[in-house]
Number of protein chains: 2
Amino acid sequence: VRASPIKAVVVTNGDVDHVAGLLNLREAQPFTVYGARRVLDVLAANRIFDVLAKASVERSELPLGAPLALSGAGVDLGLTVEAFPVAGKIALWLEDAMAANYGSAEGDTLGLQIIETASGKSFFYVPGCAGMDSELEERLRGAELVFFDGTLWHEYEMIDQGLLGKTGSRMGHINMSGEDGSIKAFSALGVTRKIYVHINNSNPVLDEGSKERAEAKAAGWEIGEDGMEVAL
Amino acid sequence: VRASPIKAVVVTNGDVDHVAGLLNLREAQPFTVYGARRVLDVLAANRIFDVLAKASVERSELPLGAPLALSGAGVDLGLTVEAFPVAGKIALWLEDAMAANYGSAEGDTLGLQIIETASGKSFFYVPGCAGMDSELEERLRGAELVFFDGTLWHEYEMIDQGLLGKTGSRMGHINMSGEDGSIKAFSALGVTRKIYVHINNSNPVLDEGSKERAEAKAAGWEIGEDGMEVAL
(Lines give C-alpha, C1' and ligand atoms only; values in the text may rest on other atoms or scores of the structure.)
Protein backbone atom coordinates (compact mmCIF):
# COMPACT_ATOMS: atom_id res chain seq x y z
CA VAL A 1 0.00 0.00 0.00
CA ARG A 2 2.78 2.36 0.89
CA ALA A 3 6.36 2.33 -0.26
CA SER A 4 9.14 4.81 -0.80
CA PRO A 5 12.29 4.05 -2.76
CA ILE A 6 14.17 6.49 -0.50
CA LYS A 7 16.41 4.56 1.89
CA ALA A 8 18.59 7.42 3.05
CA VAL A 9 18.62 11.21 3.12
CA VAL A 10 21.76 13.29 3.57
CA VAL A 11 21.05 16.79 4.87
CA THR A 12 23.75 19.39 4.30
CA ASN A 13 22.15 22.29 6.20
CA GLY A 14 19.33 22.99 8.64
CA ASP A 15 17.52 25.59 6.54
CA VAL A 16 13.89 24.95 5.69
CA ASP A 17 14.62 24.22 2.03
CA HIS A 18 16.95 21.42 3.19
CA VAL A 19 14.95 19.83 6.02
CA ALA A 20 11.22 20.50 5.49
CA GLY A 21 11.01 17.76 2.86
CA LEU A 22 11.69 15.24 5.63
CA LEU A 23 8.16 15.93 6.88
CA ASN A 24 6.80 14.40 3.67
CA LEU A 25 8.50 11.08 4.46
CA ARG A 26 6.48 10.43 7.65
CA GLU A 27 4.94 7.12 6.62
CA ALA A 28 6.59 4.82 9.16
CA GLN A 29 8.84 3.55 6.36
CA PRO A 30 12.42 2.79 7.41
CA PHE A 31 15.16 5.08 6.17
CA THR A 32 18.25 6.81 7.56
CA VAL A 33 18.84 10.53 7.95
CA TYR A 34 22.53 11.44 7.70
CA GLY A 35 23.76 14.83 8.80
CA ALA A 36 26.32 16.73 10.78
CA ARG A 37 25.87 16.58 14.55
CA ARG A 38 24.82 20.25 14.51
CA VAL A 39 21.92 19.59 12.16
CA LEU A 40 20.88 16.29 13.73
CA ASP A 41 20.68 18.11 17.07
CA VAL A 42 18.40 20.70 15.49
CA LEU A 43 16.08 17.97 14.21
CA ALA A 44 16.10 16.23 17.60
CA ALA A 45 15.28 19.43 19.44
CA ASN A 46 12.33 20.37 17.23
CA ARG A 47 9.25 18.30 17.97
CA ILE A 48 7.75 18.57 14.50
CA PHE A 49 10.45 16.18 13.28
CA ASP A 50 9.13 13.60 15.74
CA VAL A 51 6.75 12.68 12.90
CA LEU A 52 9.73 10.66 11.67
CA ALA A 53 9.16 7.86 14.17
CA LYS A 54 12.39 6.98 15.92
CA ALA A 55 11.56 3.29 15.61
CA SER A 56 11.75 3.41 11.82
CA VAL A 57 13.88 6.44 10.97
CA GLU A 58 17.48 6.15 12.08
CA ARG A 59 19.61 9.27 12.62
CA SER A 60 23.27 8.84 11.77
CA GLU A 61 26.03 11.39 12.26
CA LEU A 62 28.24 12.08 9.26
CA PRO A 63 31.92 12.24 10.09
CA LEU A 64 33.60 15.29 8.56
CA GLY A 65 36.47 14.66 6.21
CA ALA A 66 36.19 10.87 6.26
CA PRO A 67 34.27 8.51 3.97
CA LEU A 68 31.21 6.62 5.17
CA ALA A 69 29.36 3.83 3.34
CA LEU A 70 25.65 4.70 3.32
CA SER A 71 23.01 2.24 4.39
CA GLY A 72 19.29 2.45 4.90
CA ALA A 73 16.57 0.04 5.93
CA GLY A 74 19.36 -2.37 6.81
CA VAL A 75 20.79 -2.45 3.30
CA ASP A 76 24.14 -1.18 2.01
CA LEU A 77 23.27 1.36 -0.68
CA GLY A 78 26.45 1.02 -2.74
CA LEU A 79 27.27 4.65 -2.13
CA THR A 80 29.99 6.19 -0.01
CA VAL A 81 29.86 9.80 1.12
CA GLU A 82 32.61 12.03 2.34
CA ALA A 83 31.17 15.13 3.97
CA PHE A 84 33.27 18.22 4.59
CA PRO A 85 32.48 21.59 6.14
CA VAL A 86 32.30 24.58 3.80
CA ALA A 87 31.93 28.25 4.53
CA GLY A 88 28.30 28.72 5.45
CA LYS A 89 25.81 29.77 8.03
CA ILE A 90 23.40 28.49 10.61
CA ALA A 91 19.83 28.10 9.34
CA LEU A 92 17.93 31.38 9.05
CA TRP A 93 15.23 30.20 11.45
CA LEU A 94 17.87 29.38 14.08
CA GLU A 95 19.79 32.63 13.86
CA ASP A 96 20.68 34.34 17.09
CA ALA A 97 20.68 38.03 16.24
CA MET A 98 22.78 38.82 19.32
CA ALA A 99 25.55 36.35 18.56
CA ALA A 100 28.66 36.97 16.49
CA ASN A 101 28.25 35.26 13.10
CA TYR A 102 24.57 34.70 14.06
CA GLY A 103 25.55 31.58 15.98
CA SER A 104 27.05 29.75 13.01
CA ALA A 105 29.58 26.99 13.62
CA GLU A 106 31.45 24.32 11.70
CA GLY A 107 29.07 21.69 10.35
CA ASP A 108 26.18 24.09 9.72
CA THR A 109 26.84 23.80 5.99
CA LEU A 110 28.38 20.73 4.37
CA GLY A 111 29.66 19.80 0.96
CA LEU A 112 29.57 16.17 -0.12
CA GLN A 113 31.69 13.92 -2.27
CA ILE A 114 29.41 11.11 -3.36
CA ILE A 115 31.23 7.97 -4.47
CA GLU A 116 29.88 4.89 -6.22
CA THR A 117 31.51 2.36 -3.90
CA ALA A 118 32.09 -0.36 -6.51
CA SER A 119 33.61 1.79 -9.24
CA GLY A 120 35.11 4.56 -7.18
CA LYS A 121 33.56 7.13 -9.55
CA SER A 122 32.47 10.23 -7.72
CA PHE A 123 31.03 13.70 -7.92
CA PHE A 124 30.72 16.67 -5.60
CA TYR A 125 27.47 18.19 -4.35
CA VAL A 126 27.80 21.60 -2.67
CA PRO A 127 24.36 23.25 -2.70
CA GLY A 128 25.22 25.92 -0.15
CA CYS A 129 28.57 27.67 0.20
CA ALA A 130 29.39 31.16 1.44
CA GLY A 131 32.75 31.40 -0.30
CA MET A 132 35.68 29.55 -1.80
CA ASP A 133 38.75 28.88 0.32
CA SER A 134 41.97 27.04 -0.38
CA GLU A 135 40.79 23.84 1.31
CA LEU A 136 37.71 23.65 -0.89
CA GLU A 137 39.77 24.52 -3.97
CA GLU A 138 42.05 21.58 -3.30
CA ARG A 139 39.13 19.21 -2.88
CA LEU A 140 37.43 20.24 -6.09
CA ARG A 141 40.50 20.70 -8.29
CA GLY A 142 40.34 18.44 -11.33
CA ALA A 143 37.00 16.87 -10.38
CA GLU A 144 34.93 15.19 -13.09
CA LEU A 145 31.63 16.70 -11.92
CA VAL A 146 30.60 19.35 -9.39
CA PHE A 147 27.08 20.53 -8.50
CA PHE A 148 27.50 23.92 -6.85
CA ASP A 149 25.55 26.63 -5.01
CA GLY A 150 23.88 28.84 -7.63
CA THR A 151 21.62 30.83 -5.32
CA LEU A 152 22.40 34.36 -6.49
CA TRP A 153 24.03 36.07 -9.42
CA HIS A 154 24.93 39.26 -7.62
CA GLU A 155 25.62 40.38 -4.05
CA TYR A 156 22.80 42.98 -4.09
CA GLU A 157 20.31 40.97 -6.16
CA MET A 158 17.69 40.51 -3.42
CA ILE A 159 17.89 44.15 -2.39
CA ASP A 160 17.79 45.46 -5.98
CA GLN A 161 14.68 43.41 -6.73
CA GLY A 162 12.97 44.54 -3.53
CA LEU A 163 12.68 40.97 -2.23
CA LEU A 164 14.72 41.06 0.94
CA GLY A 165 17.03 43.53 2.61
CA LYS A 166 20.02 41.18 2.63
CA THR A 167 23.16 40.74 0.59
CA GLY A 168 24.26 37.36 -0.71
CA SER A 169 27.04 37.28 1.87
CA ARG A 170 24.58 37.93 4.68
CA MET A 171 22.47 35.03 3.39
CA GLY A 172 25.46 32.70 3.50
CA HIS A 173 25.77 32.22 -0.25
CA ILE A 174 28.61 32.95 -2.63
CA ASN A 175 27.45 34.88 -5.72
CA MET A 176 28.08 33.66 -9.26
CA SER A 177 29.47 36.97 -10.51
CA GLY A 178 32.18 39.27 -9.28
CA GLU A 179 35.75 39.01 -8.07
CA ASP A 180 34.71 36.81 -5.13
CA GLY A 181 32.15 34.89 -7.18
CA SER A 182 32.00 31.22 -8.09
CA ILE A 183 32.57 31.69 -11.84
CA LYS A 184 35.91 33.34 -11.10
CA ALA A 185 36.75 30.90 -8.31
CA PHE A 186 36.26 27.84 -10.54
CA SER A 187 38.04 29.28 -13.57
CA ALA A 188 41.41 27.75 -12.67
CA LEU A 189 40.21 24.53 -10.98
CA GLY A 190 40.05 22.34 -14.07
CA VAL A 191 36.65 20.84 -13.19
CA THR A 192 35.34 18.89 -16.22
CA ARG A 193 31.62 19.47 -15.68
CA LYS A 194 30.13 22.23 -13.52
CA ILE A 195 26.41 22.46 -12.83
CA TYR A 196 24.69 25.17 -10.81
CA VAL A 197 21.95 23.96 -8.44
CA HIS A 198 19.95 25.55 -5.59
CA ILE A 199 19.22 28.52 -7.86
CA ASN A 200 17.05 31.24 -6.33
CA ASN A 201 14.05 32.49 -8.31
CA SER A 202 15.63 35.95 -8.37
CA ASN A 203 18.69 34.74 -10.30
CA PRO A 204 18.74 36.00 -13.91
CA VAL A 205 20.58 32.89 -15.14
CA LEU A 206 17.20 31.14 -14.99
CA ASP A 207 16.20 33.27 -17.98
CA GLU A 208 17.54 31.42 -21.02
CA GLY A 209 17.86 34.66 -22.97
CA SER A 210 19.73 36.68 -20.34
CA LYS A 211 23.26 37.97 -20.68
CA GLU A 212 24.01 36.40 -17.28
CA ARG A 213 23.03 32.99 -18.67
CA ALA A 214 25.30 33.55 -21.65
CA GLU A 215 28.13 34.60 -19.36
CA ALA A 216 27.78 31.51 -17.14
CA LYS A 217 27.60 29.27 -20.21
CA ALA A 218 30.67 30.88 -21.74
CA ALA A 219 32.52 30.08 -18.50
CA GLY A 220 31.58 26.41 -18.89
CA TRP A 221 28.66 26.24 -16.47
CA GLU A 222 25.40 24.34 -16.94
CA ILE A 223 22.21 25.50 -15.23
CA GLY A 224 20.52 22.70 -13.31
CA GLU A 225 16.82 22.10 -13.87
CA ASP A 226 14.06 19.86 -12.56
CA GLY A 227 14.20 16.36 -13.97
CA MET A 228 17.79 16.71 -15.16
CA GLU A 229 19.62 13.41 -15.46
CA VAL A 230 23.40 13.23 -15.29
CA ALA A 231 25.49 10.10 -16.02
CA LEU A 232 28.88 9.68 -14.39
CA VAL B 1 9.27 38.57 -9.27
CA ARG B 2 7.43 36.86 -6.48
CA ALA B 3 3.74 36.80 -5.74
CA SER B 4 1.25 34.51 -4.09
CA PRO B 5 -2.51 34.86 -4.47
CA ILE B 6 -2.90 33.46 -0.95
CA LYS B 7 -3.92 36.25 1.41
CA ALA B 8 -5.06 34.12 4.36
CA VAL B 9 -4.72 30.58 5.66
CA VAL B 10 -7.09 29.03 8.19
CA VAL B 11 -5.56 26.10 10.06
CA THR B 12 -7.98 23.68 11.70
CA ASN B 13 -5.45 21.44 13.45
CA GLY B 14 -1.75 21.34 14.36
CA ASP B 15 -0.94 18.06 12.63
CA VAL B 16 1.80 18.09 10.02
CA ASP B 17 -0.62 17.64 7.13
CA HIS B 18 -2.35 20.86 8.27
CA VAL B 19 0.59 23.10 9.12
CA ALA B 20 3.69 22.00 7.16
CA GLY B 21 2.39 23.70 4.02
CA LEU B 22 2.90 27.03 5.78
CA LEU B 23 6.64 26.50 5.39
CA ASN B 24 6.21 26.78 1.61
CA LEU B 25 4.81 30.31 1.99
CA ARG B 26 8.03 31.78 3.44
CA GLU B 27 8.60 34.43 0.77
CA ALA B 28 8.15 37.55 2.87
CA GLN B 29 4.75 38.04 1.23
CA PRO B 30 2.03 39.38 3.53
CA PHE B 31 -0.78 37.05 4.54
CA THR B 32 -2.69 36.14 7.70
CA VAL B 33 -2.70 32.82 9.51
CA TYR B 34 -5.98 32.19 11.34
CA GLY B 35 -6.28 29.43 13.92
CA ALA B 36 -7.44 28.51 17.38
CA ARG B 37 -5.28 29.87 20.20
CA ARG B 38 -4.07 26.30 20.88
CA VAL B 39 -2.67 25.92 17.38
CA LEU B 40 -1.29 29.46 17.09
CA ASP B 41 0.59 28.81 20.33
CA VAL B 42 2.08 25.67 18.80
CA LEU B 43 3.28 27.64 15.79
CA ALA B 44 4.70 30.37 18.00
CA ALA B 45 6.56 27.88 20.17
CA ASN B 46 8.20 26.05 17.28
CA ARG B 47 11.07 27.98 15.77
CA ILE B 48 10.80 26.46 12.31
CA PHE B 49 7.65 28.55 11.79
CA ASP B 50 9.74 31.67 12.34
CA VAL B 51 10.44 31.39 8.60
CA LEU B 52 7.07 33.16 8.33
CA ALA B 53 8.51 36.55 9.20
CA LYS B 54 6.41 38.24 11.86
CA ALA B 55 6.68 41.56 10.01
CA SER B 56 4.74 40.20 7.03
CA VAL B 57 2.72 37.24 8.32
CA GLU B 58 0.05 38.18 10.83
CA ARG B 59 -1.30 35.59 13.29
CA SER B 60 -4.96 36.02 14.19
CA GLU B 61 -6.93 34.00 16.70
CA LEU B 62 -10.22 32.57 15.51
CA PRO B 63 -13.06 32.98 17.98
CA LEU B 64 -14.99 29.74 18.51
CA GLY B 65 -18.68 29.80 17.72
CA ALA B 66 -18.72 33.37 16.40
CA PRO B 67 -18.29 34.67 12.84
CA LEU B 68 -15.22 36.60 11.78
CA ALA B 69 -14.69 38.48 8.50
CA LEU B 70 -11.37 37.35 7.02
CA SER B 71 -8.76 39.80 5.84
CA GLY B 72 -5.23 39.47 4.58
CA ALA B 73 -2.54 41.83 3.36
CA GLY B 74 -4.79 44.64 4.61
CA VAL B 75 -7.71 43.66 2.38
CA ASP B 76 -11.16 42.32 3.31
CA LEU B 77 -11.44 38.99 1.52
CA GLY B 78 -15.22 38.90 1.22
CA LEU B 79 -15.36 35.74 3.29
CA THR B 80 -16.62 35.22 6.80
CA VAL B 81 -15.66 32.17 8.85
CA GLU B 82 -17.32 30.70 11.88
CA ALA B 83 -15.03 28.19 13.54
CA PHE B 84 -16.32 25.67 16.04
CA PRO B 85 -14.60 22.92 18.04
CA VAL B 86 -15.28 19.34 17.00
CA ALA B 87 -14.30 16.07 18.62
CA GLY B 88 -10.63 15.64 17.82
CA LYS B 89 -7.17 15.28 19.11
CA ILE B 90 -3.94 17.14 19.68
CA ALA B 91 -1.44 16.80 16.82
CA LEU B 92 0.37 13.45 16.78
CA TRP B 93 3.77 15.12 17.10
CA LEU B 94 2.61 16.98 20.22
CA GLU B 95 1.11 14.00 22.00
CA ASP B 96 2.01 13.52 25.64
CA ALA B 97 1.93 9.78 26.13
CA MET B 98 1.60 10.22 29.90
CA ALA B 99 -1.43 12.50 29.78
CA ALA B 100 -5.08 11.50 29.74
CA ASN B 101 -6.43 11.99 26.21
CA TYR B 102 -2.80 12.51 25.09
CA GLY B 103 -3.04 16.14 26.10
CA SER B 104 -5.90 17.05 23.77
CA ALA B 105 -8.08 20.05 24.57
CA GLU B 106 -10.87 22.09 22.99
CA GLY B 107 -9.62 23.92 19.92
CA ASP B 108 -7.16 21.24 18.83
CA THR B 109 -9.54 20.35 15.99
CA LEU B 110 -11.90 22.83 14.38
CA GLY B 111 -14.71 22.69 11.88
CA LEU B 112 -15.45 25.74 9.77
CA GLN B 113 -18.52 27.34 8.27
CA ILE B 114 -17.26 29.45 5.38
CA ILE B 115 -19.65 32.18 4.31
CA GLU B 116 -19.55 34.40 1.24
CA THR B 117 -20.09 37.66 3.08
CA ALA B 118 -22.07 39.43 0.34
CA SER B 119 -24.52 36.65 -0.48
CA GLY B 120 -24.66 34.82 2.82
CA LYS B 121 -24.17 31.52 0.98
CA SER B 122 -22.08 29.09 2.96
CA PHE B 123 -20.61 25.63 3.26
CA PHE B 124 -18.97 23.58 5.98
CA TYR B 125 -15.41 22.30 5.96
CA VAL B 126 -14.62 19.67 8.61
CA PRO B 127 -11.47 17.81 7.50
CA GLY B 128 -10.82 16.20 10.89
CA CYS B 129 -13.43 14.93 13.30
CA ALA B 130 -13.26 12.12 15.83
CA GLY B 131 -17.02 11.59 16.08
CA MET B 132 -20.44 13.08 15.60
CA ASP B 133 -22.20 14.65 18.58
CA SER B 134 -25.53 16.43 18.92
CA GLU B 135 -23.98 19.89 18.71
CA LEU B 136 -22.30 19.09 15.40
CA GLU B 137 -25.49 17.44 14.13
CA GLU B 138 -27.43 20.61 14.79
CA ARG B 139 -24.86 22.76 12.99
CA LEU B 140 -24.80 20.59 9.89
CA ARG B 141 -28.50 19.69 9.68
CA GLY B 142 -30.00 20.82 6.39
CA ALA B 143 -26.73 22.32 5.08
CA GLU B 144 -26.31 22.85 1.34
CA LEU B 145 -22.75 21.55 1.23
CA VAL B 146 -20.43 19.80 3.68
CA PHE B 147 -16.82 18.71 3.14
CA PHE B 148 -16.11 16.07 5.78
CA ASP B 149 -13.31 13.96 7.26
CA GLY B 150 -12.90 10.89 5.06
CA THR B 151 -9.65 9.59 6.53
CA LEU B 152 -10.57 5.94 7.07
CA TRP B 153 -13.22 3.51 5.99
CA HIS B 154 -12.90 1.16 8.94
CA GLU B 155 -11.73 1.32 12.56
CA TYR B 156 -9.05 -1.37 12.03
CA GLU B 157 -8.01 -0.35 8.53
CA MET B 158 -4.47 0.76 9.38
CA ILE B 159 -3.85 -2.33 11.51
CA ASP B 160 -5.33 -4.74 8.94
CA GLN B 161 -3.14 -3.29 6.20
CA GLY B 162 -0.03 -3.45 8.38
CA LEU B 163 0.54 0.30 8.16
CA LEU B 164 0.24 1.43 11.76
CA GLY B 165 -0.80 -0.16 15.04
CA LYS B 166 -3.63 2.30 15.68
CA THR B 167 -7.38 2.31 15.32
CA GLY B 168 -9.26 5.15 13.67
CA SER B 169 -10.50 6.28 17.07
CA ARG B 170 -6.97 6.41 18.42
CA MET B 171 -5.95 8.53 15.43
CA GLY B 172 -8.73 11.01 16.19
CA HIS B 173 -10.79 10.26 13.09
CA ILE B 174 -14.33 9.02 12.71
CA ASN B 175 -14.60 6.11 10.25
CA MET B 176 -16.92 6.16 7.25
CA SER B 177 -18.45 2.75 7.95
CA GLY B 178 -20.05 1.21 11.00
CA GLU B 179 -22.65 2.15 13.57
CA ASP B 180 -20.53 5.09 14.79
CA GLY B 181 -19.42 6.01 11.29
CA SER B 182 -20.02 9.16 9.26
CA ILE B 183 -22.23 7.54 6.61
CA LYS B 184 -24.68 6.48 9.32
CA ALA B 185 -24.33 9.78 11.20
CA PHE B 186 -25.19 11.87 8.15
CA SER B 187 -28.06 9.69 6.98
CA ALA B 188 -30.74 11.71 8.80
CA LEU B 189 -29.17 15.18 8.59
CA GLY B 190 -30.67 16.23 5.28
CA VAL B 191 -27.41 17.64 3.89
CA THR B 192 -27.82 18.39 0.18
CA ARG B 193 -24.27 17.73 -0.96
CA LYS B 194 -21.72 15.71 1.01
CA ILE B 195 -18.09 15.41 -0.10
CA TYR B 196 -15.40 13.39 1.63
CA VAL B 197 -12.00 15.06 1.88
CA HIS B 198 -8.77 14.33 3.81
CA ILE B 199 -8.92 10.73 2.56
CA ASN B 200 -6.07 8.49 3.67
CA ASN B 201 -4.24 6.42 1.05
CA SER B 202 -5.37 3.27 2.88
CA ASN B 203 -9.07 4.02 2.32
CA PRO B 204 -10.70 1.66 -0.19
CA VAL B 205 -13.16 4.35 -1.35
CA LEU B 206 -10.26 5.76 -3.38
CA ASP B 207 -10.59 2.68 -5.60
CA GLU B 208 -13.35 3.54 -8.07
CA GLY B 209 -14.29 -0.11 -8.48
CA SER B 210 -14.52 -0.98 -4.79
CA LYS B 211 -17.68 -2.04 -2.97
CA GLU B 212 -16.88 0.61 -0.36
CA ARG B 213 -16.94 3.30 -3.07
CA ALA B 214 -20.30 1.98 -4.26
CA GLU B 215 -21.62 1.99 -0.71
CA ALA B 216 -20.54 5.58 -0.05
CA LYS B 217 -21.98 6.69 -3.38
CA ALA B 218 -25.29 4.92 -2.68
CA ALA B 219 -25.47 6.88 0.59
CA GLY B 220 -25.13 10.13 -1.36
CA TRP B 221 -21.44 10.84 -0.80
CA GLU B 222 -18.98 12.20 -3.33
CA ILE B 223 -15.28 11.41 -3.06
CA GLY B 224 -13.13 14.54 -3.19
CA GLU B 225 -10.20 14.61 -5.57
CA ASP B 226 -7.34 16.91 -6.51
CA GLY B 227 -8.42 19.77 -8.75
CA MET B 228 -12.12 19.33 -7.95
CA GLU B 229 -14.16 22.51 -8.40
CA VAL B 230 -17.41 23.05 -6.55
CA ALA B 231 -19.84 25.93 -7.17
CA LEU B 232 -22.08 27.13 -4.38
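Here is how names work: the chains are called A, B, and so on, in the same order as the sequence lines, proteins then strands, and each is numbered from 1.
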- Does atom NZ of B/K217 have more than 12 heavy-atom neighbours from other groups under 6.0 Å away? no

- Message: Would you say CG of A/D180 has more than 12 non-hydrogen atoms from neighbouring residues, nucleotides or ligands within 6.0 angstrom?
- Response: no

- Item | Any A/L23 side-chain heavy atom under 4.5 Å of B/L23 side chain | yes

- Query: If you tally heavy-atom pairs under 4.5 Å against chain B, which of A/V19, A/D15, A/L92, A/L94 wins?
  - Reply: A/L94

- Is the number of heavy atoms from other residues, nucleotides or ligands within 6.0 Å of NZ (A/K7) greater than 12? yes

- Which members of residues 45-54 of chain B, sorted by number, sit under 4.5 angstrom from chain A on a heavy-atom basis? B/N46, B/R47, B/I48, B/F49, B/D50, B/V51

- Message: For A/K184, I'd like to know if atom NZ has over 12 heavy atoms of other residues, nucleotides or ligands within 6.0 Å.
- Response: no

- Query: Counting only heavy atoms not in B/F123, do more than 12 sit closer than 6.0 Å to its CZ atom?
  - Reply: yes

- Item | Option in B/V42, B/D17, B/V16 with maximal non-hydrogen atom pairs under 4.5 Å from chain A | B/V16

- Query: Heavy-atom distance under 4.5 Å to chain A: side chain of B/N24, backbone, both or neither?
  - Reply: neither

